[in-house]
Peer 1: 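Got a structure here, written out as structure tokens. Questions coming.
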There are 2 protein chains.
Amino acid sequence: MEDDLVFKALADRTRRLLLDTLFERDGRSLGELEEVVNQHTEMSRYGVSKHLRLLVEADLVTVRKSGRERLHHLNAVPIRLIHDRWIDKYTEPHIRALTDLKALAETETPAEREGHDDG
Amino acid sequence: MEDDLVFKALADRTRRLLLDTLFERDGRSLGELEEVVNQHTEMSRYGVSKHLRLLVEADLVTVRKSGRERLHHLNAVPIRLIHDRWIDKYTEPHIRALTDLKALAETETPAEREGHDDG
DNA sequence: TTGACATGTGACCTTTTGGTCACATATTTT
DNA sequence: AAAATATGTGACCAAAAGGTCACATGTCAA
């Protein structure tokens, strides 16, 4: 059961930050990623490298060598498989409506929420 | 950051089994879920209860009291949010094509795979 | 070839998580 | 009311994961 690796990989905040960073822009080196991580939390290069290895083993990140650098890319396929595991295509439109609603609610200002009541 | 709870909740195999079970059919009691879990692995009711609590705290499972039972329901919204976090709507069709391809490949018999070469 | 740069790996320690149990509450049945 | 059923909670221990370091390989530039 290798999907274990995917879920374990996603279970750590630093690794999710790495995915977020690669989602924003692909093809970054370890050094570049280390820099981004250190804007949020203090961590050695070794720690970042270890996290990246887990992401690669889970196939959430792919690596392409370029000279002495290794450039990292986000692979979203495992994410899609998670989605498909618990959201079937018949209920998907309903779920999407709910998440869109949630996104809307979260962009509202507090004032806009006055009077709403979800008892 | 409460999305932490979702990813932590998904990181355990027993909890994923619980979600699979509820995905198959909603509205099960703790006792019923315990039974299913014990078809796969040995675990006390206490363990299952603890796992369920984490799922509820992550809002992946909702509970409705019915007499002395508590019926559990799968809530797929957090799953959808994971999807939306790393798959934007523009690349989604591409990713879906890839996952469909993967699903197809996995239903092939070994014989059918002869001659394929993805180098 | 030599030195600087970019990165991988196994050992080690600390923190977190998984699992069980004893005890508790709430509801149904008799 | 008392017994049986269905479930929640905090304490506790064992197992797993997170983080750092020393040491290593491979690549670029001079």
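Order of the sequence lines sets the chain letters (A, B, ...), proteins ahead of strands, with each chain counted from 1. Treat the numbers as computed from the prediction; the structure is a model and nothing was measured.
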Peer 1: Is the distance from OP1 or OP2 of C:dG18 to the nearest side-chain N or O of B:Arg15 less than 4.0 Å?
Peer 2: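 Checking B:Arg15 against C:dG18: at least one side-chain N or O falls below 4.0 Å of OP1 or OP2.
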Peer 1: When you measure from the side-chain N and O atoms of B:Arg70 to the phosphate of D:dA6, is any distance below 4.0 Å, counting only OP1 and OP2?
Peer 2: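 Answer no for this pair, as no side-chain N or O of B:Arg70 is under 4.0 Å from OP1 or OP2.
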Peer 1: What pair of heavy atoms forms the shortest contact from B:Pro78 to B:Leu60, and how long is it?
Peer 2: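 Nearest pair, atom of B:Pro78 first, then B:Leu60: CB-CD2, 3.9 Å.
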Peer 1: Does B:Ile87 offer a backbone N or O that forms a donor-acceptor pair with the side chain of B:Thr91 under 3.5 Å?
Peer 2: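 Not at all, since once roles are kept as given, no pair shorter than 3.5 Å links the two residues.
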Peer 1: Rounded to the nearest 0.5 Å, what's the gap from CD1 on B:Ile79 to CG on B:Leu10? Could you check?
Peer 2: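 Here the interatomic distance stands at 5.0 Å.
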Peer 1: Considering just the side-chain nitrogens and oxygens of A:Arg53, establish if one lies under 4.0 Å of OP1 or OP2 belonging to C:dG8.
Peer 2: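 Negative; the distance criterion is not met.
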Peer 1: Can you tell me the distance, in whole Å, between the CD atom of B:Glu69 and the P atom of C:dT29?
Peer 2: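 Computing the B:Glu69:CD to C:dT29:P distance gives 11 Å.
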Peer 1: Taking all non-hydrogen atoms of both residues into account, name the closest pair between B:His73 and B:Leu71 and its distance.
Peer 2: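 Nearest pair, atom of B:His73 first, then B:Leu71: CD2-O, 3.6 Å.
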Peer 1: Taking CG from A:Leu52 and P from D:dA17, how many angstroms apart are they, rounded to a whole number?
Peer 2: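 Taking atom P of D:dA17 as the reference, CG of A:Leu52 is at 18 Å.
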Peer 1: Please determine if a side-chain N or O atom of A:Arg45 lies less than 4.0 Å away from the OP1 or OP2 oxygen of C:dA6.
Peer 2: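 So the side-chain polar atoms of A:Arg45 never come under 4.0 Å of the phosphate oxygens OP1 or OP2 of C:dA6.
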Peer 1: Find out if a path of hydrophobic residues (ILVMFWY) with successive side-chain heavy-atom gaps under 4.5 Å connects B:Leu54 to B:Val77.
Peer 2: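 B:Leu54 and B:Val77: separate clusters.
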Peer 1: Calculate the interatomic distance between B:Leu54 atom CG and C:dG18 atom C1'; express it in whole Å.
Peer 2: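 B:Leu54 atom CG is separated from C:dG18 atom C1' by 10 Å.
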Peer 1: Kindly point out which of C:dG8, C:dC23, D:dT20 is positioned nearest to the side chain of A:Ser49?
Peer 2: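 Given the options C:dG8, C:dC23, D:dT20, the side chain of A:Ser49 is closest to C:dG8.
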Peer 1: Could you give the CG-to-P distance, from B:Leu5 to C:dT16, as a whole number of Å?
Peer 2: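 About 15 Å, once rounded to whole Å.
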Peer 1: Using whole Å, what does the distance between atom P of nucleotide C:dC5 and atom CD of A:Glu32 come to?
Peer 2: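 Between P of C:dC5 and CD of A:Glu32: 18 Å.
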Peer 1: Categorize B:Gly67 for me: base, sugar-phosphate, or nothing, with a 4.0 angstrom heavy-atom threshold over every strand shown.
Peer 2: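 Since only primed, P, OP1 and OP2 atoms lie under 4.0 Å of B:Gly67, the category is sugar-phosphate.
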Peer 1: Please determine if a side-chain N or O atom of A:His51 lies less than 4.0 Å away from the OP1 or OP2 oxygen of D:dG19.
Peer 2: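 For D:dG19, OP1 or OP2 has a side-chain N or O of A:His51 closer than 4.0 Å.
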Peer 1: Please report, rounded to the nearest Å, how far the P atom of D:dG18 is from the CG atom of A:Leu55.
Peer 2: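 It works out to 10 Å between those atoms.
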Peer 1: What integer distance in Å separates B:Asp12:CG from C:dT16:C1'?
Peer 2: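 Spelled out: CG on B:Asp12 to C1' on C:dT16 is 13 Å.
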Peer 1: Contact class for A:Gly31 vs. all strands (heavy atom < 4.0 Å): base, sugar-phosphate, or nothing?
Peer 2: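 Here A:Gly31 touches the backbone only, sparing every base.
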Peer 1: More 5' along DNA chain D: A:Ser66 or B:Lys8, using each one's nearest nucleotide?
Peer 2: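 Its nearest nucleotide lies further toward 5', so the answer is B:Lys8.
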Peer 1: Nearest whole angstrom, please: distance from the P of C:dA6 to the CG of A:Leu71.
Peer 2: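 Atom-to-atom, A:Leu71 to C:dA6, this comes out as 12 Å.
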Peer 1: So that I can tick it off, tell me whether A:Asp84 and B:Arg96 are bridged by a salt bridge, with the cut-off set at under 4.0 angstrom between side-chain N and carboxylate O.
Peer 2: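 No.
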Peer 1: Which part of the nucleic acid, if any, lies within contact of A:Lys50, taking any heavy atom under 4.0 Å across all strands shown: a base, the sugar-phosphate backbone alone, or nothing?
Peer 2: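 Base, at least one base heavy atom under 4.0 Å.
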Peer 1: When the nearest nucleotide of DNA chain C is assigned to A:Arg68 and to B:Thr14 on a heavy-atom basis, which residue is associated with the more 5' position?
Peer 2: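 With A:Arg68 and B:Thr14 compared, the 5'-side residue is A:Arg68.
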Peer 1: What nucleotide, of C:dC23, C:dT27, C:dT7, holds the atom closest to the side chain of B:Tyr46?
Peer 2: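 Among C:dC23, C:dT27, C:dT7, the one nearest the side chain of B:Tyr46 is C:dC23.
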Peer 1: Does A:Ser29 put a side-chain nitrogen or oxygen below 4.0 Å from OP1 or OP2 of C:dA6?
Peer 2: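 Checking C:dA6 against A:Ser29, no side-chain N or O comes under 4.0 Å of OP1 or OP2.
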